[in-house]
Amino acid sequence: MRIQGEQRYVLFAGMAGFLLGICSANLWMKQYVLDIGILNQYFLEQYNKADIVYESYLWYLVKSRGAPLMILLAAAGTRYRKVAVMLATVWLGFCFGMVICTAIVKLGFKGIVLIITALAPQGIFYAMAGILLFRYMLEYPMVRWDTGRSIQFGLLLIMGIITECYVNPVIVSLFLKTL
């Protein structure tokens, strides 16, 4: 019963962050969202024409995904693990709300499809790894981290990084050709 309540708080934290991101994009940062060039037609065309150096991109992904992961793993070993889960969930919700609003303002419905396309398929692996880590952080000390969880977590992260590096650019490029 107690675990379900904590999971509910995580869901509320994510929704609060998402709503805060939407409000920020629409109220306080509206001009910034309109001026940002990341989802304008020129940027999307340049992305579609870019040649990706996969080895460099792979190491970039390892570094950029590894830094927040190391912070979360360090927090998992402290008594502030539940606070870290809530802060991470609020931050992820906030970022997603901002990105969705920017995509809708710039591209309309196609923007939503672009964001979903940009998150596939690696988002599934990252979400599963995040759920595995967050459940441990929320349910500790009733649940212990063991070798099986480590292997599962590592494989999910590796699959996420590999699909983000090698599969996602192809999917996004195919979608951008339809715009």
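Everything numeric here is computed off the predicted structure, so don't read it as measured data.
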Check your understanding: Does L73 reach the side chain of W145, with side-chain heavy atoms less than 4.5 Å apart?
Key -> no
Practice item. Determine whether Y60 and C165 make a side-chain contact, defined as any pair of heavy atoms from C-beta on separated by less than 4.5 Å. Key: no
Revision key, fill the gap. Shortest non-hydrogen pair, A88 vs F134, comes out as CB-CZ, 3.8 Å
Exercise for review: Would you sort out whether F175 and T178 count as a side-chain contact (heavy atoms from CB on, under 4.5 Å), showing the intermediate values?
Suggested key: CA-CA 5 Å; F175 176 75; T178 66; 3.8 Å; yes
Practice item. Determine the minimum heavy-atom distance between Y57 and P169, stating which atoms define it. Key: CE2-CG, 4.2 Å
Point to revise | Derivation of the side-chain contact (heavy atoms from CB on, under 4.5 Å) call for V143 and R135 | key: CA-CA 9 Å; V143 172; R135 287 197 63 187; over 6 Å; no
**Study point:** Heavy-atom side-chain proximity of L44 to L114 below 4.5 angstrom
**Key:** yes
Point to revise | Heavy-atom side-chain contact between V113 and F109 under 4.5 Å | key: yes
Practice item. Give the cluster check for W59 versus Y126: same hydrophobic cluster or not, with ILVMFWY residues linked at side-chain heavy-atom distances below 4.5 Å. Key: yes
Check your understanding: Is it the case that one hydrophobic cluster holds both Y136 and L69, taking links as side-chain heavy atoms less than 4.5 Å apart, direct or via other members?
Key -> yes
Practice item. Grab the two heavy atoms, one from T89 and one from A13, that are nearest each other, plus how far apart they are. Key: CG2-C, 4.2 Å
Review point. Would a hydrophobic clustering, with Ile, Leu, Val, Met, Phe, Trp and Tyr connected at side-chain separations under 4.5 Å, put L132 with L157?
Key: yes
Study note, to complete from the structure: Separation between CE (M128) and CG (L133), nearest 0.5 Å, reads 14.0 Å
Review point. Which heavy atom in C101 sits nearest to a heavy atom in N26, and how many Å separate them?
Key: SG-ND2, 3.7 Å
Point to revise | Spatial distance of atom CD1 (I100) from atom SG (C95) [nearest 0.5 Å] | key: 12.0 Å
**Study point:** Shortest non-hydrogen contact from S24 toward F94
**Key:** OG-CE1, 3.3 Å
Review point. Atom CD1 in I104, atom CD1 in I22: separation rounded to 0.5 Å?
Key: 7.5 Å
**Study point:** Side-chain donor/acceptor of N168 to backbone N/O of P121, under 3.5 Å
**Key:** no
Review point. What are the two closest heavy atoms between A129 and L156, and how far apart are they?
Key: N-CD1, 3.7 Å
Check your understanding: Is a side-chain N or O of R149 found less than 3.5 angstrom from the main chain of R144, in a donor-acceptor match?
Key -> yes
Review point. Are the side chains of I115 and F96 in touch, meaning some heavy atoms are under 4.5 Å apart?
Key: yes
Check your understanding: Can you say whether the rings of Y54 and Y166 are parallel (under 30°), tilted (30 to 60°) or perpendicular (over 60°)?
Key -> parallel
**Study point:** Side-chain heavy atoms of E164 within contact of R65, under 4.5 Å
**Key:** yes
Study note, to complete from the structure: dist M86:CE -> L138:CG (nearest 0.5 Å) comes out at 6.0 Å
Check your understanding: Can you check whether Y9 reaches V85 side chain to side chain, under 4.5 Å on heavy atoms?
Key -> no
**Study point:** Gap between atom CG of L61 and atom CD1 of I162 - 0.5 Å precision
**Key:** 11.0 Å
Exercise for review: Would you check if I161 and F125 make a side-chain contact, meaning some heavy-atom pair closer than 4.5 Å?
Suggested key: no
Point to revise | Co-membership, hydrophobic cluster, residues F18 and I112, 4.5 Å side-chain | key: yes
Review point. Is it true that the NZ or CZ of R81 lies under 6.0 Å from the centre of Y140's six-membered ring and within 45 degrees of the ring axis?
Key: yes
Review point. Same cluster for L58 and I158 if Ile/Leu/Val/Met/Phe/Trp/Tyr side chains link at under 4.5 Å?
Key: yes
Review point. Atom CE in M137, atom CG in L72: separation rounded to 0.5 Å?
Key: 5.5 Å
Practice item. Could you tell me whether Y47 atom OH has more than 12 heavy atoms of other residues or ligands within 6.0 Å of it? Key: yes
